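Chain identifiers are assigned alphabetically (A, B, ...) following the order of the sequence lines, protein sequences preceding nucleic acid strands; residue numbering begins at 1 within each chain. Predicted model only: the values in this text are computed from it and were never measured.
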Amino acid sequence: MLFKVCNLYCRQEHERQDLFQEIVIQLWRAYPGFRGDSKFSTWMYRIALNTAISDLRKKKHHIITTEPDGLPDGIDDIQNYQEKEDKLKQLYNAISQLTEIEKAIVMLYLEDRSYDEMEDILGINQNNLRVKMNRIKDKLRKLTKAVEYGS
Amino acid sequence: MDLDQLKDIWKGLDEPVSEHQGKQEIVTLLSRKSQGPIAKMKRNLRWELILVLISYTAVITHYFTAFDHELQSVAWFLLVIGILFLAYYYKKNKLLNEMQHVSGKVRFHLERQVNTLERFVRFYLLAGVALVPVCLAFFGWIFYREVPDMTKDSIFFSAEPMWKTVGAWALLTITLTSLVYFANVWLLDKLYGHHIRKLRHIVTEMSEQ
């Protein structure tokens, strides 16, 4: 999960490593204060996203042409693998153009988190989240179409 | 591209890490210094404290002992400023500690972060600017008391009528305070302005329907 957050918020390898380190440090520091009021995963998501979003150092924005490493090894069907890789590349390209909060919402959605848990992590009410999610889906559709048609 | 179709691919991205490798990596990461903005601000503040303690101690000791003990009032003044600096350090450190709590909901964390950072910047500005009239008043008084020969013909100390002296001091104080104020505003904007605006923008975006 931490790698995914880093991949979403940072494009450069050294930025990803810095953010990963920062999240680990924050988790380590905050752990003694974990009281179990929320699920452990909720608590982890909060810390990871809070660190990623508020750690807005001046980054150079790059248009991504490749996705971070990540597809699992051992896929027999090369065509299927290639297709998945293309889709993933497209997804990362499109997500990189979203705002910081939209990235967080998409990630939680892809992680299959319920709207209830998303509300608990982000502090945005569920109605608002659904509206935002629909907008993000539209936006991603447009972005990927624009890439497909080369505009 | 349909997001729902991508969920399976997304889940497949979880990289298995062996327990031993994970532990080793975490130990290495925890042994390094945090590069986060708040951690850096805390480190800078600590350096500022060390620098002030060393330089103030040296200068205060000098004024207490040199000049045949005639300028001890300068040493006392610097001591008071030094003590005020400790209060300033304590307050800034407290604000930075508040900003380091990251386990709350993202929206509330960011709201707190931006509000605390704004308080931090206001405090920084106020402390920097307030020091100017205080220093002017003190050093004016020292000059008047210790070097009367130099001050007897000065508009700042013995002009007739009296309003000229008051006017000269007022003009000097307003000019210097304004200069320091605008220099601080520029510096603070350069240091924290981008970060505050970005956080404020994110908080607004989260609140919007």
Side-chain angles (χ1 to χ4, degrees), chain A residues 1 3-4 7 18 20-22 24-26 28-30 33-34 43 45-47 49-51 53-58 68-72 84-85 87-88 90-91 94 99-102 104 106-107 109-112 119-124 127-128 131-133 136-137 140-141 143-145, chain B residues 1-17 22 25-40 97 99-114 116-117 192 194-209:
Chain A
M1 183 272 267
F3 290 117
K4 286 174 178 172
N7 284 338
D18 285 350
F20 186 78
Q21 184 204 345
E22 200 53 41
V24 171
I25 291 173
Q26 295 302 336
W28 183 259
R29 276 191 193 146
F34 177 63
W43 177 82
Y45 277 118
R46 281 182 188 169
I47 291 182
L49 289 171
N50 275 332
T51 308
I53 294 170
S54 56
D55 186 15
L56 296 165
R57 279 168 269 187
K58 281 177 187 167
D69 310 331
L71 280 177
K84 281 182 175 180
E85 201 176 62
K87 276 187 178 173
L88 197 61
Q90 230 182 359
L91 174 71
T99 66
E100 312 295 332
I101 293 306
E102 288 173 337
V106 168
M107 195 201 73
Y109 184 82
L110 288 169
E111 291 277 292
D112 240 352
E119 181 178 353
D120 207 17
I121 294 167
L122 297 171
I124 303 175
N127 288 338
N128 200 353
V131 173
K132 283 186 191 300
M133 196 61 232
I136 293 168
K137 282 181 179 173
L140 285 175
R141 235 172 265 134
L143 285 169
T144 44
K145 267 186 193 161
Chain B
M1 180 176 61
D2 188 356
L3 268 184
D4 294 293
Q5 286 173 357
L6 288 166
K7 278 184 182 176
D8 287 335
I9 306 178
W10 183 261
K11 280 176 197 159
L13 290 176
D14 284 322
E15 289 177 44
V17 180
E25 202 177 328
I26 286 171
V27 169
T28 315
L29 287 175
L30 290 173
S31 64
R32 291 188 207 144
K33 272 184 191 169
S34 165
Q35 295 303 316
I38 309 298
K40 278 186 180 170
N97 284 339
M99 282 191 262
Q100 275 195 315
H101 296 142
V102 287
S103 56
K105 292 181 182 179
V106 174
R107 182 175 158 190
F108 306 133
H109 165 75
L110 291 176
E111 276 172 355
R112 190 174 58 185
Q113 186 97 346
V114 74
T116 314
L117 197 54
Y192 309 111
H194 171 79
H195 195 64
I196 290 176
R197 280 190 290 276
K198 187 98 184 175
L199 288 177
R200 182 59 72 204
H201 176 77
I202 294 172
V203 169
T204 310
E205 188 195 335
M206 290 184 95
S207 319
E208 277 170 1
Q209 274 286 350

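- Interatomic distance, CZ of R29(A) versus NE2 of H101(B), reported as 10.5 Å (0.5 Å rounding).
- Sequence neighbours left out, the pairs with a member in residues 199-209 of chain B that pass salt bridge (Lys or Arg N to Asp or Glu O under 4.0 Å) are E118(B)-R200(B).
- Summarising the geometry, atom CG belonging to N50(A) is positioned 6.0 Å from atom CG belonging to L110(B); distances are rounded to the nearest 0.5 Å.
- Scored by the salt bridge (Lys or Arg N to Asp or Glu O under 4.0 Å) test, R197(B) finds D189(B) as partners (sequence neighbours excluded).
- The shortest heavy-atom contact between V106(B) and R46(A) is CG2-O, 4.4 Å.
- For E119(A), the part lying under 4.5 angstrom from a heavy atom of chain B is the backbone only.
- Smallest separation of non-hydrogen atoms from S54(A) and Q113(B): CB-NE2, 3.9 Å.
- Neither the backbone nor the side chain of F34(A) has a heavy atom closer than 4.5 Å to any heavy atom of chain B.
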TODO: In sequence, state the C-alpha distance, the side-chain angles, and the governing distance for K198(B) and E100(A), and then conclude on side chain to side chain contact (heavy atoms under 4.5 Å, CB included).
DONE: CA-CA 10 Å; K198(B) 187 98 184 175; E100(A) 312 295 332; 4.3 Å; yes
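- When all heavy atoms of S103(B) and W43(A) are compared, the pair lying nearest together is CB-NE1, 3.7 Å.
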- [ ] For the pair K105(B) and D120(A), evaluate side chain to side chain contact (heavy atoms under 4.5 Å, CB included) and give the outcome as yes or no after the intermediate values.
- [x] CA-CA 7 Å; K105(B) 292 181 182 179; D120(A) 207 17; 3.3 Å; yes
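- Per-residue counts of heavy-atom pairs under 4.5 Å with chain B were compared for V131(A), L49(A), D112(A); the largest is that of D112(A).
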